[in-house]
Amino acid sequence: MEKRVLGRSGIRISPMGLGCWAIGGPFYMDDRVNGYGQIDDRESIRAIHAALDLGVNFLDTSDAYGIGHSESVIGEALEGRRENVVIATKFGYFGNEATKTLHGIKLSPDYIERACDASLRRLRTDYIDLYQLHVWEIGISELESVTETLDRLVSKGKIRTYGWSTDLLGGVKLIAEKQNCSAIQQEYSIIRGNDDILCLCEEKNLASINRSPLGMGLLSGKFSKNSQIPKGDVRSSGFDWCSHVFVDGSPNEEALRKLDAVRDILTSNGRTLAQGALAWIWGRSKVTIPIPGFKTEKQIEENARAMEFGPLTPKQMKEIDMLLGNK
């Protein structure tokens with residue numbers, strides 16, 4: 001596949017990025033695990049290197065993932081290769097690195113710049129390509145203060161462009177008017193997504209970065225209705241925002257039914273189920289950039305090779321819409 005463009009920034013990136021939440025390891029929010037279990041940093045670095053070798057040049061992380069650990073692993077992995085990679089990270093939550101616990105939200109101008117400087121140190125770089133607000137919802141006046149701060153960081157050369165990770169259309173409409181905004185990150189998969197946000201991204205020349213494109217792993221085909229995610233994994237923590245795919249560690253049965261309905265189309269032409277799920281996202285729009293997560297080199301190899309197949313055809317997309325009852 002041809003490279004895609006990161007919205008108004010003009011930065012060219014691979015059609016798929018790496019979602020680097022899982023490689024941050026375990027951390028806690030609201031007294032619950034908010035990571036994907038134990039990780040092996042050496043394996044994470046091997047996986048990142050494999051992705052680069054397979055043509056993936058876009059990495060998305062946050063200072064919240066592992067309370068900075070994901071950024072630190074990326075910084076080590078990209079030593080000597082920084083100029084070939086586009087890095088996106090996020091800000092807004094603060095926590096304790098020693099206890100691996102998020103404590104709340106800070107969005108004052110001085111805190112945002114301190115958070116940016118801390119991310120730069122962990123990532124071992126002197127600039128961040130895409131800096132994203134990680135807090136789901138904030139007030140209009142607060143957003144104005146945040147974007148003014150981000151504009152200053154652009155002028156200082158600490159960041160190249162910025163965006164927002166949110167699924168709320170109202171906030172997206174506001175930040176989309178800012179000249180230095182280039183991307184909106186939203187949850188988007190064959191299971192769930194906000195088409196109004198996707199349409200706005202197309203209209204305003206913004207990239208739609210798609211988190212959870214594999215439904216937190218559900219769309220990989222590894223799970224059945226009898227599967228149970230072990231404790232110590234975010235999918236077993238009971239967060240409401242993941243209940244459309246996992247409920248207390250068990251796959252959502254409605255999501256499984258949707259997957260079964262379109263399985264044959266997704267796996268056509270030799271694709272794996274995960275590759276088909278990514279192909280569906282590419283078939284939705286030319287501004288989509290899915291960022292599947294990973295913990296192993298094997299996962300990277302499967303997901304990156306989806307780019308060799310490219311998007312589903314318009315005919316296949318229409319068939320899926322009919323099967324799922326989409327408008």
Side-chain angles (χ1 to χ4, degrees), residues 1-20 51-52 55-63 71 74-75 78 81-92 112-113 115-117 119-120 123-135 143-167 169 171-188 194 197-211 213 281-282 284-292 307:
M1 292 179 65
E2 293 182 358
K3 287 188 174 181
R4 297 199 163 189
V5 179
L6 191 63
R8 300 170 189 157
S9 72
I11 300 170
R12 294 178 62 79
I13 59 177
S14 50
M16 185 197 96
L18 302 185
C20 298
L52 299 181
V56 177
N57 77 334
F58 179 57
L59 278 67
D60 177 89
T61 186
S62 169
D63 62 3
E71 290 182 329
I74 291 169
L78 298 184
R81 304 180 74 166
R82 171 66 180 97
E83 69 279 4
N84 301 317
V85 182
V86 177
I87 298 175
T89 192
K90 309 180 194 75
F91 68 93
I112 293 173
E113 184 151 9
C116 181
D117 290 340
S119 289
L120 290 169
L123 291 164
R124 305 186 190 185
T125 183
D126 55 4
Y127 68 95
I128 293 165
D129 296 285
L130 174 65
Y131 203 37
Q132 301 160 101
L133 174 60
H134 203 177
V135 181
L143 179 62
E144 193 65 29
S145 172
V146 167
T147 54
E148 287 176 0
T149 303
L150 293 173
D151 286 331
R152 284 196 295 274
L153 292 177
V154 171
S155 67
K156 290 181 177 183
K158 292 185 178 183
I159 66 175
R160 297 175 71 184
T161 188
Y162 57 79
W164 193 353
S165 179
T166 181
D167 293 351
L169 182 62
V172 171
K173 287 181 177 179
L174 293 174
I175 200 169
E177 299 305 318
K178 303 298 181 179
Q179 180 180 354
N180 287 316
C181 176
S182 294
I184 300 298
Q185 184 170 145
Q186 63 160 320
E187 180 176 358
Y188 204 82
N194 189 322
I197 291 179
L198 181 59
C199 289
L200 186 69
C201 287
E202 292 174 333
E203 177 189 340
K204 298 295 185 179
N205 189 24
L206 302 173
S208 172
I209 300 172
N210 311 125
R211 60 180 136 78
I281 292 177
W282 290 320
R284 288 291 294 115
S285 171
K286 292 184 178 180
V287 304
T288 54
I289 303 161
I291 50 169
M307 295 187 293

For residues A207 and C201, report the shortest heavy-atom separation together with the two atoms involved. O-SG, 3.9 Å
Approximate separation, where rounding is to 0.5 Å, of S182 OG and I11 CD1: 6.5 Å
Drop me the distance from I159's CD1 to S9's OG, to the nearest 0.5 angstrom. 11.5 Å
Rounded to the nearest 0.5 angstrom, the CD1-CD1 distance for I184 and I209 is 9.0 Å
Please find the pair of heavy atoms, one from A183 and one from L130, that lie closest to each other, and give the distance. CB-CD2, 4.0 Å
Got a second to check how far R211's CZ is from D167's CG, nearest 0.5 Å? 4.5 Å
Non-neighbouring partners of R160 that pass side chain to side chain donor-acceptor pair (under 3.5 Å), sequence neighbours left out: D129
Residue set satisfying side chain to side chain donor-acceptor pair (under 3.5 Å) with D117, at least two apart, ordered chain then number -> K158
Looking only at heavy atoms, which two atoms of C181 and T161 are closest? And how far apart? C-OG1, 4.1 Å
Can you see which heavy atom on L120 is nearest to which on D126, and at what distance? CD2-C, 3.7 Å
Modelled atom types, side-chain donor and acceptor of S62 and H134, under 3.5 Å: yes
Would you check if N194 and Y188 make a side-chain contact, meaning some heavy-atom pair closer than 4.5 Å? no
Rounding to 0.5 Å, atoms CD (E177) and OG1 (T147) come to a distance of 11.5 Å
Which heavy atom in G157 sits nearest to a heavy atom in Y127, and how many Å separate them? O-CB, 3.6 Å
Verdict with reasoning, M1 to W282, per side chain to side chain contact (heavy atoms under 4.5 Å, CB included): CA-CA 10 Å; M1 292 179 65; W282 290 320; 3.5 Å; yes
Check the pair V287, K204 against side chain to side chain contact (heavy atoms under 4.5 Å, CB included), reporting the backbone distance first and the verdict last. CA-CA 11 Å; V287 304; K204 298 295 185 179; over 6 Å; no
Contact check, side chains of F91 and V135, non-hydrogen atoms, under 4.5 Å: no
Among residues at least two apart in sequence or on other chains, which ones pass side chain to side chain donor-acceptor pair (under 3.5 Å) with R4? T288
Any salt bridge linking E71 with R124? Criterion: basic side-chain nitrogen under 4.0 Å from a carboxylate oxygen. no
Apply side chain to side chain contact (heavy atoms under 4.5 Å, CB included) to K286 and list each qualifying residue two or more places apart in sequence or on a separate chain. none
Option among L123, T125, I87 that satisfies the side-chain contact (heavy atoms from CB on, under 4.5 Å) test with L78: I87
Using only heavy-atom distances, determine whether the side chains of E202 and S285 contain a donor-acceptor pair under 3.5 Å. yes
Could you give me the CA-CA distance, side-chain angles and deciding distance for C116 and Y131, then say whether side chain to side chain contact (heavy atoms under 4.5 Å, CB included) is met? CA-CA 8 Å; C116 181; Y131 203 37; 3.6 Å; yes
Name the residue from N57, V56, D60, I291 that meets the side-chain contact (heavy atoms from CB on, under 4.5 Å) definition with L18. V56
Going by side chain to side chain contact (heavy atoms under 4.5 Å, CB included), name the residues that satisfy it together with R152, two or more places apart in sequence or in a different chain. P109, E148, T149, S155
Please identify each residue that fulfils side chain to side chain donor-acceptor pair (under 3.5 Å) with K156, with sequence neighbours left out. E113
To the closest 0.5 Å, what do you measure between OG1 (T166) and CG (L133)? 8.0 Å
Residues, nucleotides or ligands: over 12 heavy atoms within 6.0 Å of Q179 CD: no
Given Y162, which partner from the list D151, V146, L153, I128 fulfils the side-chain contact (heavy atoms from CB on, under 4.5 Å) test? D151
Which pair of non-hydrogen atoms, one from I289 and one from V5, has the smallest distance, and what is that distance? CD1-O, 4.5 Å
Strictly distance-based, threshold 3.5 Å: is any side-chain N or O of N210 a donor or acceptor partner for the main-chain N or O of P213? no
If you apply the rule side chain to side chain contact (heavy atoms under 4.5 Å, CB included), what do you find for K90 with T61, and how did you get there? CA-CA 7 Å; K90 309 180 194 75; T61 186; 5.8 Å; no
